[in-house]
Peer 1: 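Before I ask anything, let me first share the structure, which is written out below as structure tokens.
Indexing begins at 1, ligand by ligand and atom by atom, following the structure's order. Just so you know, residue 1 is the first one in the sequence shown, and it goes up from there.
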Amino acid sequence: MHLSVSNCGILVGYSAMAVSNISFVVLAAFACARIILSGDIIVSGQSQGLVQQCSTNIIADEVEQMFSLDKAAASSMACSCGKPLGVAGVSLKTEPVEIPQRQNEREREFLLASMSQLPSTSSPSFASPVARFFLRSGIAELHIHEELEPKRPDSFDLRTTQLFKLSPVHAVCISASPEAKEKTTYSTGILIQFRNEKECSSFSRAFEREKNKVSAHDSDLPNKILSVSKSTFDEKTDPSSAEMYFHYYGQLLHQQNMLEDYVRTGTYYAAVTENQADFVGRVVVDVGAGSGILSLFAAQAGAKHVYAVEASEMAAYASKLIAGNPLLSQRITVAKGKVEEVELPEKADILISEPMGTLLVNERMLESYVIARDRFLVPNGKMFPTLGRMHMAPFCDQNLYDEIANKALFWQQQAFYKVDLTPLHEPASQEYFSQPVVDAFDERLLVAQSISHMIDFKSVKEEDLYEIDIPLRFICTNGSQIHGLACWFDVLFNGSTTKRWLTTAPGEPTTHWYQVRCVLSQPLDIMPGQEITGRLHMMAHSAQSYIIHVTMSTELRGPGAEQGGNPQTSSAKCNLNDPYLRMLQPQGFSLAQDHKPHRDGQIQSLIEH
Ligand SMILES: C[S@@+](CC[C@H](N)C(=O)[O-])C[C@H]1O[C@@H](n2cnc3c(N)ncnc32)[C@H](O)[C@@H]1O
């Protein structure tokens, strides 16, 4: 099953393989529906061979009421396909206050204001519900109970429970019904409303964390209740996405594309050779070795031994390349497999890797880098690169805006083979604006000083990368329009001898990552000195990418604010997995070499064909 989520600022589901068959059916039910809530949430997907089994019967009235939707949107969400699923849900109106963890207990509690069951009942089930995670006999559970009656909870076994965030403050939690075989009901579920986004995010992070504990613990269970224990990679990645991904990297032409990016490969070479002291006599792990180039660099720099870990079929080519360099090959071992799964005979003094995707985090390989750190690196070991920064700034680009807006003009034809296409103009336009634009642009298009968000690879937790939330605040340097948010990244090699940055900034030599721009369908008018605030929210999804939600507002603050009009807000939602690859040369800047399209874009077109 390939489950994808588009145009929404929320994560709908992680790997279908991570859940029981029952939850799998539920995922399929979500996947086979296209749900649009007030233009705010769009859930889309395909299921293969499971559509006939799947169904949802979330009650339209309930949905309408919860999300203040019109009837059509509510019915759309409450869609039912195939057999009734019999989702017995609970609607929660929450006052979620996180209670501090009790000592010596592996549990987390969230205070909720009220809750009611689905199918719709107007009165709440519990006046003051509490949601509570804990581990009992090695099984992680979520209990929802009346505050004063913890002994009578509605309980959910996290092994067979999935959480779907529906909006920044709503989530639905669906679990395999224990009586599923005897009854027509496949699943039970609750609809949860949180008081604010922070609590909702905190709850979903706790949910993922506790669920991961289940898989870690499963392999320890003497009776192996769940016999198959998957690595985190398999848990969170759609199998078809992983297959495409490693197929792509298994091809020499794509490795060549990266090797030929001289900014990238040259900076790695310089960072290693200038910091030989960090490599001489050291054990190195190359995380995602690809062709083995970084392993060879590390061996050249005097590493005692290098373990080149590569999951794709490229591992065989890496072995061949390394064998062909006999002065180095004695000190390099290729290990074929995922860094989440391979076993190595010794710990590493230093990790080297190139895990960066578009906007730093696309492909979600940074998570594998972090897992490799936790599995293989000695305490206080080095990481090359050591940290990364995402940079953001508003931009003004009327040409780009017009180009995107004009793409949807096709749908304004009223007599296309005598068919009026105009009803689809608005959704087509939305679709075009939801594609992040990947190209190299002139830095003069930026209308404010950039801000940055740092990710320290030595300390970041894997889960921290599931959801990235960055507050935005800019002071505009010139008056014009804002057409969106431009983003790029850099990484630091913090060597003992020299520090070296690899940057993908506009105005710097172009790399195969280019830059990324999220375009607002409604531009903002601004005056010089005016303040812009907002948020960049990124939610990871199982196709190894992120849904990006950008919100920007003009403020009546700053020297130019009085001349500005009323405060305005505009937003954009993009799927980083679905870029518009617009490889225009930047104005006033000529590329030093003919770069090939970005690797993520190529992965995407591979997936599409
Ligand atoms: C961006 S390429 C870099 C290749 C090489 N290190 C270089 O710099 O040219 C990332 C490589 O990591 C591999 N990879 C990604 N995730 C992995 C994982 N979890 N375990 C092992 N290899 C992985 C991919 O197959 C790909 O070959």
Peer 1: Calculate, to the nearest 0.5 Å, the distance between atoms CZ and OH belonging to F297 and Y268 respectively.
Peer 2: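 If we round to the nearest 0.5 Å, F297:CZ and Y268:OH are 10.5 Å apart.
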
Peer 1: Given S312, A335, A311, which has its nearest heavy atom closest to atom 21 (C) of ligand 1?
Peer 2: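 Ranked by closest heavy atom to atom 21 (C) of ligand 1, first place is A311.
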
Peer 1: Between CZ of R331 and CD of Q300, what distance do you get to the nearest 0.5 Å?
Peer 2: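 R331 CZ to Q300 CD: 9.5 Å, rounded to 0.5 Å.
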
Peer 1: So, for F384 and F279, is the gap between ring centers shorter than 6.0 Å?
Peer 2: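 Yes, close enough.
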
Peer 1: Heavy-atom contacts under 4.0 Å between A289 and ligand 1: side chain, backbone, both, or neither?
Peer 2: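 The backbone, only.
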
Peer 1: Judged on heavy-atom distance to atom 1 (C) of ligand 1, which of E354, Q544, Q251 sits nearest?
Peer 2: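 The residue whose heavy atom sits nearest atom 1 (C) of ligand 1 is E354.
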
Peer 1: Does V339 reach ligand 1 with a nitrogen or oxygen that is under 3.5 Å from one of the ligand's nitrogen or oxygen atoms?
Peer 2: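 Yes, at least one N or O pair falls under 3.5 Å.
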
Peer 1: State the atoms of ligand 1, each with its element, that fall below the 4.0 Å cut-off from a heavy-atom position in I293.
Peer 2: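 The list of qualifying atoms is 7 (C), 9 (O).
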
Peer 1: For S368, counting its heavy atoms only, list the atoms of ligand 1 lying under 4.0 Å from any of them.
Peer 2: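 Atoms satisfying the 4.0 Å criterion: 19 (N).
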
Peer 1: Contact between Y248 and ligand 1, counting heavy atoms under 4.0 Å?
Peer 2: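 No, Y248 has no heavy atom closer than 4.0 Å to ligand 1.
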
Peer 1: Is there a polar contact between ligand 1 and D286, counting only N or O atoms under 3.5 Å apart?
Peer 2: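 No, no N or O pair falls under 3.5 Å.
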
Peer 1: Do the side chains of E313 and K336 get close enough for a salt bridge, i.e. N-O under 4.0 angstrom?
Peer 2: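 Salt bridge flag = yes for K336 with E313.
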
Peer 1: Kindly state whether the ring of H305 and the ring of Y307 have centres lying under 6.0 angstrom apart.
Peer 2: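 Yes, the ring centres sit under 6.0 Å apart.
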
Peer 1: With a 6.0 Å cut-off on the ring centroids, do F203 and F133 count as close?
Peer 2: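 Under 6.0 Å, so yes.
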
Peer 1: So, does M314 sit close enough to ligand 1 that a heavy atom of it is under 4.0 Å from the ligand?
Peer 2: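 No, that is not the case, since the closest heavy atom of the residue is not under 4.0 Å from the ligand.
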
Peer 1: When the ring planes of F233 and F246 are compared, do they come out parallel, tilted or perpendicular, using 30° and 60° as the limits?
Peer 2: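 Plane angle between 30° and 60°, so tilted.
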
Peer 1: Return the minimal non-hydrogen interatomic distance between S368 and V287, and the atom names on each side.
Peer 2: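 Looking at all heavy atoms of both residues, the closest pair is O-CG1, 4.3 Å.
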
Peer 1: Output the list of atoms in ligand 1 that are nearer than 4.0 Å to some heavy atom of G290, sorted by atom number.
Peer 2: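 Here the atoms of ligand 1 in question are 4 (C), 27 (O).
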
Peer 1: Please work out which of E310, E340, H254, M365 has its closest non-hydrogen atom nearest to atom 10 (C) of ligand 1.
Peer 2: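 Looking at heavy atoms only, M365 sits closest to atom 10 (C) of ligand 1.
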
Peer 1: Are R205 and D464 close enough for a salt bridge, meaning some N to O gap below 4.0 Å?
Peer 2: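 D464 and R205: not salt-bridged.
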
Peer 1: Between K236 and E462, does any side-chain N to carboxylate O distance fall below 4.0 Å?
Peer 2: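 A salt bridge links K236 with E462.
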
Peer 1: Would a line drawn from the ring center of Y580 to the ring center of Y432 be shorter than 6.0 Å?
Peer 2: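 No: the rings miss the under 6.0 Å criterion.
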
Peer 1: Heavy-atom contact check, 4.0 Å cutoff: does P355 meet ligand 1?
Peer 2: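 P355: no contact with ligand 1 (<4.0 Å).
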
Peer 1: Out of all atoms in ligand 1, which are within 4.0 Å of some heavy atom of K338? Include the element for each.
Peer 2: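 Here the atoms of ligand 1 in question are 20 (N), 21 (C).
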
Peer 1: To which of M258, R264, Q255 does the heavy atom nearest atom 7 (C) of ligand 1 belong?
Peer 2: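 When every heavy atom of M258, R264, Q255 is considered, R264 comes closest to atom 7 (C) of ligand 1.
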
Peer 1: Is there a nitrogen or oxygen of L294 sitting under 3.5 Å from a nitrogen or oxygen of ligand 1?
Peer 2: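 Between L294 and ligand 1 (N or O atoms, distance only) the closest approach is not under 3.5 Å.
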
Peer 1: Given F246, Y268, Y249, which one has a non-hydrogen atom that is nearest to atom 23 (C) of ligand 1?
Peer 2: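 Closest candidate by heavy-atom distance is F246.
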
Peer 1: G288 versus ligand 1: do any nitrogen or oxygen atoms come within less than 3.5 Å of each other?
Peer 2: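 For ligand 1, there is an N or O atom that lies under 3.5 Å from one belonging to G288.
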
